[in-house]
Structure formats: structure tokens, C-alpha cells
Amino acid sequence: MDNNNNNKNINNNESNNNKDNLCDIDDKNKIDDENVLYRLSLNPNKGGLQNVDKEKINKIIYEVSKGSAFFKNAKEKEKAHFEKIKEIKKKYLFLKNQPMEYEKQQMKNIMNKMESDRDLSQYIVHVDMDAFYASVEELDNPELKNKPMAVGSKSMLSTANYEARKYGVRSAMPGYIALKLCKNLIIVPTRFERYHELSHQIRNIIANYDPDYCPASIDEVYLNITNFLNDNPNYTPSKVTEELREEIYKQTRLTASAGIAPNICSDMNKPNGQTELKNCTDEILKFLKDLPIGKVSGIGKVAEKTLNELGIKTCGELKENMVYIKELFKPSSYQFLLSASLGLGRTKIENKWKRKSISVERTFSNTSEIQKLEDKLHEISCKLANDVKKENLKGKSVTLKLKTSSFEILTRCLTISKYIYQQEDLYKVGKKVKFIYIIFF
DNA sequence: TACATACAC
DNA sequence: TATGGTGTATGTA
């Protein structure tokens, strides 16, 4: 009997354990996959419209993606990140149990110093075109208006109009997945020349308010309107920004959104809106207090998740935890996060951009034929030589980047003694980096 | 210098 | 059928 009972107990325990283990594995996989979805930037929570059925959208995206090599690769990366987070968490818990009195005082001093250096004299405006590519397509083809539409291809979308965003369609989403979310979605191909043309037009308008404006991308500009305000005392920052946006609309029939702030710029009121943050420390800190850290430019999916795992979700919480961040992160990350937590952005707009690299990359279907790879190398070296010639550049470091069929990215780099710029030389050096093929065969 | 990772758009 | 292209910064070895 005893034996039997014992056996039974053991059996029960074992089966319970097994069951628990299975549950754990199932749950863990489920959580992992959710994390992967989030990592893929397909989480509709971020940016865009709020009134989307997030659950439904995520489910569709998951069903389409889950078996793919792309998803598998993302999952591997997610696992690696999870390990890193575990380490950081461990250190964090340890630090949390320390008094850290000295460090806390030190952090207070650092913050006070930075606070007293805060420059509130400059009025910086960040102008951002609404769904730029999509809006340009609607402009040139009004029939597309009020219909769900995205710019790109079945493989990849650049932008979606607001009608399409209601279905969860987003930039950086493959078109074929977008079509599952919205079967009436119209996908139009990109026309970069046209976007550049309008971008140029928009920058000319902006130059009237600050000739030293700084383009941040094809559809985004930073400008300093302090001088303009001094020269035109009857204007307020809001009024300048309104007029500027109106002028853009008048001349291009495209809408822009803007953030006005002394040192932190945000696009809280999109589309076709603007938000002003007064040049006043209290208002800046109040704004930051509940601002999700992921909204800060420079904090992407990885950093956001790392911080979230430490229980830090807002800039206010970030500020409160800076003592620990200083110990847990690398100096430059710490410096960046410290500035972000205080809302210290740029107060100087500089547009002395100097190119540091130039590149060409092409994605092609899976192959392991050397000839095809060499043909590709030839193709990109031609395009690169062309671009290099246009800008009168030369270089002596050549990097070859390879994406495998499992979406792993490998780079191999070779630095040579003299500067080159001709296609033949680029191709030759590219071929020299051939041990990249060895990985294959 | 070589390579990887993160980030923005 | 199918998950891009260009450029920058930074950490690590």
C-alpha cells in the first residue's frame, strides 16, 4: 500500500511536473511570439490611430507571419535580447537593495547642473509632413482619397494613408500582409522623384522662416524661428508655425504637423495639427512626466523593452531611476537617457551635414549559385560607382553586406591603402571580400 | 580595423 | 511568392 501510494505520489508528481513544464513551455512560446510581434514594429499601439482592433490585427499578422524564416530570425534575436535583459534585471535588483545615498546625491547635483544650463532662449520647430508619400499620391490622383491606400509593393510598404491605418496597415509592413488586413487596399508604387520635387518645394517655403533650417529626412525639417520672431514682433511661435503650415498647404495642397518646443520636439497632434510646449521648465517636465519612453526619438523597440522590463515606462519614471540607469547602461546611453529624461533636446539647429558613407543594397530571391551572387555584386558596384561619381566621392573602405535566406545579416569589410571610386575597382575589392562566399559553401 | 547591433525614416 | 534601402552612432574585440 505504502509502496503503491508512494508510487502514485511519485507518478502524480511526475505527471504534474510534466504538465507544468508543458504549460510553461506553451506559455513561454506564446509570450515569446507576442514579443516577436512587438519587435517587428507591427504593434499597432505605436503611433497612428487608436481606434484599431489591436487584438484582431495582431492575430492576423501573427497567422501570416509565424511560419516564416523572417519571424524565426526575429524570434532568435528576441531570445538573445531576453538574456541580456535578465542580466540587467539581476544587477538592477541588487542595486535597488543598496542605499546608494552618495550616488543619489550625485545624480541630484548632475541634474541640477543640467537644469541650470537649460537653454530656454530658442524657439525650435519640427515640421513633419503627414503620411507624405501617400499624400503625394492622393494629390496626383484624387480618386485615391478616402480609400485605403498604401505606397510600396506587395513585399514592402513605405507609407499608408489614414484610411488604411484604420485597418492596421502601416509603414514597414509587407504589402501582402497588409492585404490580409484590408482586402480593398490599393497599393501604388513609389515615385521618389516626385516626392523629392515636393520636398524641395516645401523646404523653399521653410527657408523663408529660417534660411539655416535643417532637413531631417525627405519629409521632416527642424528650424529655429527665434530670429524670425525677433524680426517680426507681432508673431507668436504658434502663429509662425500655423502660417508656415498654411503656406505649405497653399503651395502644395499637402498637410504638415509640427511641434514647437525649446528643446524637445514631438508630434502629438497628427495629422494636420501642431503642439506647442512653452519655453518653461515646469511645462516641459509636466509634459515629460507621463510621456511613454518609446515616444522619444532614439529609443527604439529594444531600448524601450529593456527599460519597460525594469518597470520604467515614462520619461518621468526614467528621471526617477537615473541613478540606476547610470550604473546599468553604457556611458553614452546613460548620457542620452539623462538628457531625454530632462527633456533636453537640441537648441541649436545645424545643417552642416557631411556624408560618411555611401551604399547600395538589393534584396534578391534565395540562391546559392556563385555566378548569381557575382552578378549581383556587379550590379550593385555599377550603381554604387554611378552614385559615387555623381557626388564626386572616393573611399578606401569597402563593406560587403550579405543577408542569408534565414535573414541573418553578415558584413565583411576590407580597407585598402588607396582611395577608389571606379566601378572596376569597387567590384574588384568587393570580390576580394569573397570569404563571404565561404560561409556558404 | 573589423564586425555586430540599434536606430530613424 | 513574398519582410526594403540609406545612413549614422556605438560597443567590443
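What you see is a predicted model; the values in this text were computed from it and never measured. Proteins come first, then strands; the chains are lettered A, B, ... in the order of their sequence lines, and each starts at number 1. Basis for what follows: all heavy atoms, side chains included, without hydrogens, waters or symmetry-related copies.
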### Task
Please determine, for the side chain of Ser65(A), which listed nucleotide (dT3(C), dT6(C), dG11(C)) has the closest atom?
dT3(C)
### Task
Select one nucleotide: of dG5(C), dA8(B), dG7(C), the one nearest the side-chain heavy atoms of Thr363(A).
dG5(C)
### Query
According to a strict under-4.0 Å criterion, is Lys356(A) in side-chain N/O contact with OP1 or OP2 of dA9(C)?
yes
### Message
Quick check on DNA chain C: between Ile358(A) and Ser333(A), whose nearest nucleotide comes earlier from the 5' end?
### Response
Ile358(A)
### Message
Counting only side-chain nitrogens and oxygens, does Thr411(A) get under 4.0 Å of the OP1 or OP2 atom of dA4(B)?
### Response
yes
### Query
Has Lys403(A) got a side-chain N or O lying under 4.0 Å from the OP1 or OP2 atom of dG4(C)?
yes
### Task
Remember a base hit wins even if backbone is also touched, and classify Phe71(A) as base, sugar-phosphate or nothing at under 4.0 Å, heavy atoms.
nothing
#### Entry: Rounded distance (Å) that lies between atom P of dT1(C) and atom CE of Met156(A)
18 Å
### Message
Does dG5(C) have OP1 or OP2 under 4.0 Å away from a side-chain N or O of Lys401(A)?
### Response
no
### Task
Using the six-membered ring wherever Trp is involved, compare the ring planes of Tyr195(A) and Phe192(A) and label them parallel, tilted or perpendicular (cut-offs 30° and 60°).
perpendicular
### Query
Please, what dot-bracket string fits DNA chain C when only Watson-Crick and G-U pairs with both distances under 3.5 Å count, crossing ones use [ ] and pairs to another strand use |?
....|||||||||
### Message
If we ignore hydrogens and angles and just use 3.5 Å, is the side chain of Asn161(A) paired with the main-chain N or O of Lys147(A) as donor and acceptor?
### Response
yes
### Query
Is any side-chain N or O of Trp353(A) closer than 4.0 Å to OP1 or OP2 of dG7(C)?
no
### Minimum-distance nucleotide (side-chain atoms of Asp219(A) versus dT12(C), dA2(C), dC9(B))
dC9(B)
### Message
Counting only side-chain heavy atoms from C-beta out, which of dT1(C), dT3(C), dT8(C) sits nearest to Ser68(A)?
### Response
dT3(C)
### Task
Decide, yes or no, whether a salt bridge links Glu327(A) with Lys91(A) under the criterion of side-chain N to carboxylate O below 4.0 Å.
no
### Query
Which nucleotide in the list dA2(C), dA6(B), dT1(B) gets nearest to the side chain of Val302(A)?
dA6(B)
### Message
Just N and O in the side chain of Thr399(A): are any of them under 4.0 Å from OP1 or OP2 of dA2(B)?
### Response
no
### Query
Does NZ or CZ of Lys72(A) come closer than 6.0 Å to the centre of the six-membered ring of Phe407(A), within 45° of the ring's axis?
no
### Query
According to a strict under-4.0 Å criterion, is Ser359(A) in side-chain N/O contact with OP1 or OP2 of dG7(C)?
yes
### Message
I'd like to know if Lys86(A) pairs up with Glu83(A) as an ion pair, taking the criterion as any Lys NZ or Arg NE/NH1/NH2 lying under 4.0 Å from an Asp or Glu carboxylate oxygen.
### Response
yes
### Query
Within 45° of the axis and under 6.0 Å from the centre of the six-membered ring of Tyr419(A), does NZ or CZ of Lys396(A) qualify?
yes
### Message
Can you check the distance between dT3(C) and dA8(B), where both ends of the measurement are the P atom (answer in whole Å)?
### Response
24 Å
### Message
Among Gln106(A), Glu103(A), Gln335(A), which residue satisfies the side-chain contact (heavy atoms from CB on, under 4.5 Å) criterion with Lys326(A)?
### Response
Gln106(A)
### Query
Per the atom types in the model, does the base of dT1(C) pair as donor or acceptor with the side chain of Ser365(A) at under 3.5 Å?
no
### Query
Using a cut-off of less than 4.0 Å, is there contact between a side-chain N or O of Ser155(A) and OP1 or OP2 of dT1(C)?
no
### Query
What is the distance, rounded to the nearest whole Å, between atom CD of Glu78(A) and atom P of dA6(B)?
10 Å
### Task
Side chain of Arg412(A) only, please: which of dT8(C), dT3(C), dC3(B) is the nearest?
dC3(B)
### Message
Using a heavy-atom cut-off of 4.0 Å across all strands, would you classify Lys396(A) as base, sugar-phosphate, or nothing?
### Response
nothing
#### Entry: DNA chain C: 5'-proximal contact among Ser332(A) and Lys383(A) (nearest heavy atom)
Lys383(A)
### Task
Among the candidates dC7(B), dT3(C), dA2(B), find the nucleotide nearest to the side-chain atoms of Ala303(A).
dC7(B)
### Message
With a 4.0 Å cutoff (strictly under), does any side-chain N or O of Ser217(A) reach OP1 or OP2 of dA8(B)?
### Response
no
### Selection from dT12(C), dA4(B), dA6(B) that lies nearest to any side-chain heavy atom of Arg39(A)
dA6(B)
### Task
Using heavy atoms to find the nearest nucleotide of DNA chain B for Ile218(A) and His81(A) separately, return the residue whose nucleotide is more 5′.
His81(A)
## Note on the structure
Of dA8(B), dA2(B), dA4(B), the nucleotide closest to the side chain of Leu414(A) is dA2(B)
### Task
For Lys84(A) and for Glu220(A), locate the closest nucleotide of DNA chain B by heavy-atom distance; then report the residue assigned to the nucleotide nearer the 5' terminus.
Lys84(A)
### Query
Strictly by modelled atom types, are Thr275(A) and Asn269(A) linked by a side-chain donor-acceptor pair under 3.5 Å?
no
### Message
Of the options dT8(C), dC7(B), dT3(C), whose atoms approach the side-chain atoms of Arg355(A) most closely?
### Response
dT8(C)
### Query
Does Lys305(A) NZ have over 12 foreign heavy atoms under 6.0 Å away?
yes
